[in-house]
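Data block below; observations after.
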Amino acid sequence: MHSSPTEPPRNLPVAAWYALAPEAALERIQSTPEGLSLAEARERLARYGPNVLERESQSGPWRVLFRQINNPLIWVLLGAAALAIALGKVTDGLVVLAVVVLNTLIGFVQEFRAGKAIEALSRMVPETATVLREGHKVTVPAAELVPGDVVLLCSGDKVPADMRLIAVRNLQVEEAALTGESVPVHKQLQPVAEEAALGDRSNLAFGGTLVATGTGTAVVVATGAATELGRISKLLGEAVDMQTPLTKALASIGRYLTVGILLVSVVLLGVGLLRGYEASEALLVGITLAVAAIPEGLPAIVTIALAIGVQRMAARRAVIRKLPAVETLGSTTVICSDKTGTLTRNEMTVQALWTPSGAWFVSGVGYAPEGRLHQDGVPVEGVPAAARELLRAGVLCNDAALLPGDGTWGLTGDPTEGALLVVAEKAGIRVEEARERFARMDAIPFESENQFMATLHANGEGGRHVFLKGAPEVLLRRCELSQGLSPEAVLAEVERMAEAGMRVLAVAMKELPATRDQLEMEDVAGGFCLLGLQGMIDPPREEAIAAVRACHEAGIVVKMITGDHHKTAESIGRELGLHKDGSVVTGRQLAELDDARLSEVAASTNVFARVAPEHKLRLVRALQSRHHVVAMTGDGVNDAPALKQANIGVAMGITGTAVSKEAADIVLTDDNFASIAAAVEEGRRVYDNLIKSLAFVLPTNLGLALILAFSVAFFPIQSVAGELAPLMPMLPTQLLWINLVATIALALPLAFEAKEVNVMRRSPRNPHEPVLSRFVVVRTLVAAVLMAGGALGLFLWEYRAELPRVGQEVALKEAQTMAVTTVILFQIFYMLMCRSLRGSVFKLGLFSNPAVFVGIGVLVLLQAGFIYLPFMQKVFGTAALGWGALGWSALVAAIILPVIGAEKAWRSRRERAAEEPVEPPHDMGGLGRRHVPA
Ligand code: ATP
């Protein structure tokens, strides 16, 4: 292959781009201020490869395996196996080993898959970049950037690659990802010395850093692994932390349990010795207890339940970025949501125009071009000059674009601005034409805190026009009104539109001398002439109305926080069903409150208007001071602190800035409020299922420990095959069989359990409730005693009955096999009861979770093998059972059904009684009932 003259060198020389002037940098990398051609970009992509960082994975197979093995429970088991072998019980030791290996393998496979699933989430929120290609602004996946691309940066963006700046406007970049320094760095264009340190290369923007304020244009100089971040990224892990409050609590419970069980084992060993056991027998009993009582399968089950939750949430458009959010969602008590696009459709349509010389109503909703102006109910011919001027200014002071289609308009950019373009086209003002005639020279982009946007244009006659559009109150302060028009009169007009639920934009104009080709902030401070108002509707989303209702039923308060006018907010709030008394508090009012008063107002008000991002942070804190668990949405750069402070920060996947996404715990891929409600529902389900698994697993362990302890303490010692040995209802290997094989086969399906019927009709979970709640403890005791009693009783009964008939050895084997089978059948029945925490399984739908029947099917087959296969009989010391014995086992095991049924009925009666006095606590905004957090 020979290179063409325009081809850049195959490997870019390590150039000190920061020491070059912008033009020199462009030339060196063979690009232009208009960007690369499409063909060139494609070619460079093939040559340099995609702009992605290979990162070391946290869920690589070795790490997961290590986590599996690095577990005190496993060590205890391994110790037990070694000890058993040392004591001459080689088969027992090997079985323990085999089961440990099997268990580790199952845990490994499941956790590995879970980890992969969670990592895949980070790819669900795509990163994009705005670049110039052949002079056109296009949005491309960040992975497709190539050296030489000209990228447009604006506040809130994540810088997608390393680049040399070629234009800046007040650009500040937060480089914590690279330097750890969280104070934003001011960027500029001048070359810096070649020996400047990384932090001093102030004309470069580095991949992975965040644009805090301002805008910039830059040419890409390095992509992927060649970037500064790429060089260090091997050191950074993927940010997926598999720990949550619950897994931590369980891990600590596990540690205590292990220590406790080891102590009890020692006690049992002592009891055995006192009762005259041989030392090796007594030791074996101790080991057996440890093996039986430790819930080895639990960690894997928890991880899997969380991973399933994460996947289901993703399917319902809520992508989890931080795993603990899965749990926290379940205890959310307040959701603070943005209005535009989240609660409303973000389909803006201009409905009303007002100018100092007249007001019109625009017919034709949606983006259909049949609109006409009406005045007092009568269609007007043509477009009056004042309206034309207002509409044209709305087109010029505007970054959106229309993509013509057949009969409808496609839209890129901010829907608020899109609406201004559509209404202008409806009235016959051609957007393209206007923009060509009055070429834009400069702009101050819209920012939420400013609430306006300004642009500078050539006016076609050698002069300059500045157009300003934004919130009416903000613009009026900058306008000199003509005779006979007062600000109050204009604001009354604004209120009238806002009361109808419209978002109102004011538009104004002023002239500047022809010498000016840049806008400064002072230019927009005053001296404008008001052109008029445009009022647009943005209807609430149907599904948001339903989701708000669902949240209320679930005891969750929904608060709307909007930058819009308070009348607009009030009207939309009413349509959404948010109000209890129609009160609206504005950002300005919030700013005047001290913290104590704020916490009251924050709790009792559900609609906040003209709110700036800094108010959001205070609101979150105020609600948290009342022990609320707060979910807060946000999309802008300045929302990041509030998102971080909230218990659940929610970012918008489509319209949100990269900065807000980085700060958030979850990202909505459809920007829809309904997805938050869905995530809450899933969060509650996950937690329920974890409790179900816990309530299922713990009784088995306690039951087995009881069986063992009881027999060591009270069962006779006798001579078996000429050796003195205690009468044991189960062999160590059999206990292990139950504890690992059966328990995992049955508990795992519970992690897949469908949601409870009433999952969104009960109060949020109290986040301070201990994992081992009274419910779990009581349930564990009841079930464990029943299980141990049933198994021990049947064992003795069968042993006594068979002893005279078949002799001691066979009778013992049969009785032990029967005891194990009873426990397994008991677990099957009990697991069915555990499928619903409160209600009956039938309400849940007996077949709503197929995994349950897979688990039961597998276990029944395994158990049949355990009883009847000669090879298994040899390993586990079992004997074949007749139908009669099986029948008795099933009958005794089934006792659990009425007992748990009665317990559930008793508990739900008590809960209903406790909920009866529906005296909503003050801070609930009068909605629903729930626990008042301590
Ligand atoms: P919400 O909180 O409901 O999602 P928001 O916070 O996005 O709304 P902003 O976009 O901050 O609201 O808008 C606040 C006000 O700024 C609007 O009421 C409007 O008057 C004005 N505004 C909104 N978009 C623009 C724009 N593109 N150009 C000029 N002014 C705008």
Side-chain angles (χ1 to χ4, degrees), residues 154-156 336-346 348 350 393-401 411-421 443-455 467-478 491 494-495 497-498 501-508 524 531 533-541 544 559-573 575-576 578 584 586-588 607-616 619 632-639 642 650-652 654-657 660 668 671-673:
C154 76
S155 70
C336 298
S337 174
D338 283 341
K339 174 176 72 68
T340 309
T342 312
L343 288 165
T344 65
R345 290 199 227 149
N346 212 3
M348 304 269 180
V350 173
V395 165
L396 295 174
C397 187
N398 195 316
D399 283 327
L411 183 66
T412 60
D414 179 355
T416 303
E417 302 193 336
L420 302 181
L421 300 187
I444 299 177
F446 173 75
E447 306 233 8
S448 277
E449 326 40 292
N450 296 341
Q451 296 197 344
F452 67 77
M453 160 177 179
T455 51
F467 292 108
L468 184 67
K469 80 171 196 304
E473 313 90 287
V474 176
L475 257 70
L476 276 175
R477 286 202 290 275
R478 295 166 164 79
L491 287 175
V494 171
E495 292 229 341
M497 288 187 191
M502 282 189 242
R503 160 174 278 203
V504 188
L505 283 185
V507 185
V524 295
L531 297 177
L533 305 171
Q534 301 204 32
M536 54 191 80
I537 51 160
D538 175 22
R541 293 173 183 263
K559 296 181 188 284
M560 180 172 88
I561 300 186
T562 173
D564 252 329
H565 194 275
H566 76 273
K567 289 288 182 190
T568 314
E570 186 185 326
S571 163
I572 299 281
E575 284 180 62
L576 285 161
L578 297 179
V584 177
T586 64
R588 182 157 340 142
V607 176
F608 298 89
R610 286 287 188 240
V611 171
E614 71 265 21
H615 301 139
K616 282 187 171 183
L619 275 177
M632 166 72 85
T633 70
D635 48 14
V637 204
N638 304 318
D639 290 335
V650 185
M652 302 296 143
I654 305 172
T655 56
T657 54
S660 62
L668 305 181
D671 291 13
N672 190 336
F673 178 80

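Just so you know, ligand 1 is whichever comes first in the structure, and atom 1 is the first atom listed for that ligand. FYI, the numbering just counts along the sequence from 1. Note that the coordinates shown come from a computational prediction; the quantities given were computed from them, not determined experimentally. No hydrogens, no waters, no symmetry mates; every other heavy atom, side chains included, goes into these values.
A salt bridge does not link Arg345 with Asp538: none of the charged nitrogens is closer than 4.0 Å to a carboxylate oxygen.
Every atom of ligand 1 is numbered from 1 in the order shown, and the set under 4.0 Å from a heavy atom of Glu417 is 26 (C), 27 (N), 28 (N). If you number the atoms of ligand 1 from 1 as listed, the ones under 4.0 Å from a heavy atom of Lys339 come out as 1 (P), 2 (O), 3 (O), 4 (O). Per-residue contacts place Asp564 under 4.0 angstrom from the following atoms of ligand 1 (heavy atoms of the residue considered): 17 (C), 18 (O). Close approach of ligand 1 to Thr340 is summarised as follows: ligand atoms under 4.0 Å from at least one heavy atom of the residue are 1 (P), 3 (O), 4 (O), 8 (O). The Asp414 neighbourhood of ligand 1 comprises atoms 27 (N), with distances under 4.0 Å to a heavy atom of that residue. Taking every non-hydrogen atom of Val504 and a distance limit under 4.0 Å, the qualifying atoms of ligand 1 come out as 20 (O). Ligand-side atoms of ligand 1 in range of Ile561: 2 (O), range being under 4.0 angstrom from any heavy atom.
Atom 19 (C) of ligand 1 has as its closest protein heavy atom Leu505 CD2, 3.5 Å. The nearest protein atom to atom 20 (O) of ligand 1, hydrogens excluded, is given as Ala471 CA, 3.2 Å; this is a heavy-atom distance. Atom 22 (N) of ligand 1 has as its closest protein heavy atom Phe446 CE1, 3.3 Å. Atom 12 (O) of ligand 1 has as its closest protein heavy atom Arg503 NH2, 3.3 Å.
Taking each of Thr562, Asp399, Asn450 in turn, the one with a heavy atom nearest to atom 2 (O) of ligand 1 proves to be Thr562. With Ser448, Ala454, Gly563 as candidates, the residue nearest to atom 11 (O) of ligand 1 on a non-hydrogen basis is Ser448.
Side chains of Asn638 and Glu449: a donor on one and an acceptor on the other come within 3.5 Å. With hydrogens and angles left out, the side-chain atoms of Asp635 and Thr655 include no donor and acceptor closer than 3.5 Å. If you check the side chains of Thr344 and Arg541, you find no donor sitting under 3.5 Å from an acceptor. For the residue pair Ser571/Thr568, the side-chain donor-acceptor check at 3.5 Å is not satisfied.
Using a 4.0 angstrom heavy-atom cutoff, Met560 does not count as in contact with ligand 1.
Put simply, CD on Gln451 and CZ on Arg610 are 5.0 Å apart, with the number rounded to the nearest 0.5 Å. Note that CE of Met502 is 10.5 Å distant from CD1 of Ile572, once rounded to the nearest 0.5 Å. Distance check: His615 NE2 to Ile561 CD1 gives 11.0 Å after rounding to the nearest 0.5 Å. Here the CG atom belonging to Leu343 is positioned 8.5 Å from the CG atom belonging to Asn672, to the nearest 0.5 angstrom.
Side chains of Leu476 and Arg478 form no contact here, defined as non-hydrogen atoms less than 4.5 Å apart.
Here Lys469 has heavy atoms under 4.0 Å from ligand 1 in both its backbone and its side chain.
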